[in-house]
Amino acid sequence: MTAVLIDGKARALALRESVAAGVREFVAAHGRAPGLTVVLVGDDPASAVYVRNKGAATLAAGMVSAEHRLPAHVPEAALLALVAALNNDPAVDGILVQMPLPRHIDSDKVIAAIDPAKDVDGFHPVNAGRLATGLPGLVPCTPTGCLLLIEEILGDISGMEALVIGRSNIVGKPMAALLTAKSATVTLAHSRTRDLAAHVARADILVAAVGVPHLVKGEWVRTGACVIDVGMNRIALPDGKTRLTGDVEFEAAAVRAGWITPVPGGVGPMTIACLLANTLKAAWARSI
Ligand code: GUN
């Protein structure tokens, strides 16, 4: 069997178009566009690229994009003061503090300082708790994007075996919560899991989010499975160049899977589209 390639770019484009339509409705109702503010600390080149892409996508959706760049040595208190100012700014609907932060800054403290109503990353403990308890709230963007892809392919996933590999607060844990809410039978595997191969072999749905290139061997994958690869690993090639690759051995897995996401072009574009959707959702929720 040869897997069908999941076109995250096309799905993300459709979502971005529907967000842009929602933005036009919001503007008609409120006389202003929703605003997303991104805070970037330091000069990590990969983070700078993400932030630039987010800004461009925000503008393309018809929203107001703002960016604050702080030097790597900025005191934690200054960052917390900026977050407090953004919390109090009525024109700001969404606040995103780009991770990772420099080591002298406590990320948990910064995340907790963001108004949960503006937490478009869905990282605040209030939003994490809401997701865990089935209450409405802002949900992290990457797992939301993964679920949209999964449901578009499989429809009702109730009763299916889902394996999530990776227990981060950003992807793995919220992914497991979302799949559980859809009545899948969910296993959350991580670095201490014994016999990962046996778990992978049972999974109708596999979401790999560990950041270890090719951890999941193609031969482990269940025939016909839906494989979502969140990994974005930069690896060196023999010629000295680099390329991005996922957590799954793509070619070998594609022989067995029913559907598989490419890296790049699978989950990545969905994350930004879901961030725009969260910003619009936050704007509506704050304006009622
Ligand atoms: N760094 C890499 N991905 C993300 C993300 O989705 N949100 C934030 N805030 N930082 C990131």
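Just so you know, these numbers come straight off a predicted model, no measurement behind them. Just follow the structure's listing: the first ligand is 1, and inside any ligand the first atom is 1.
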If we ignore hydrogens and angles and just use 3.5 Å, is the side chain of Asp115 paired with the main-chain N or O of Asn87 as donor and acceptor? no

Test: Asp93 and Arg32 ion pair at under 4.0 Å: yes

Would you mind telling me if ligand 1 is within reach of the side chain of Ile170, the backbone, both or neither, using heavy atoms under 4.0 Å? neither

Just do the salt bridge (Lys or Arg N to Asp or Glu O under 4.0 Å) check on Glu219 and Arg256 with the steps written out, would you? CA-CA 8 Å; Glu219 73 216 31; Arg256 303 173 62 86; over 6 Å; no

Any N or O of Asp121 that comes nearer than 3.5 Å to an N or O of ligand 1? yes

Looking at Met160, is its backbone amide N or carbonyl O close enough to the side chain of Asp204 to form a donor-acceptor pair, meaning the two atoms are under 3.5 Å apart? no

Among all protein heavy atoms, pick out the one at the shortest distance from atom 1 (N) of ligand 1; state its residue, atom name and that distance to 0.1 Å. Met99 O, 2.9 Å

Identify the protein heavy atom lying closest to atom 4 (C) of ligand 1, giving its residue, its atom name and the separation to 0.1 Å. Gln98 NE2, 4.2 Å

Would you say Leu96 has any N or O atom under 3.5 Å from an N or O of ligand 1, going by distance alone? no

If only side-chain N and O atoms count, and only distance matters, is there a donor-acceptor pair under 3.5 Å linking Ser287 with His30? yes

Short list, please: which atoms of ligand 1 are under 4.0 Å from a heavy atom of Val97? 8 (C), 9 (N)

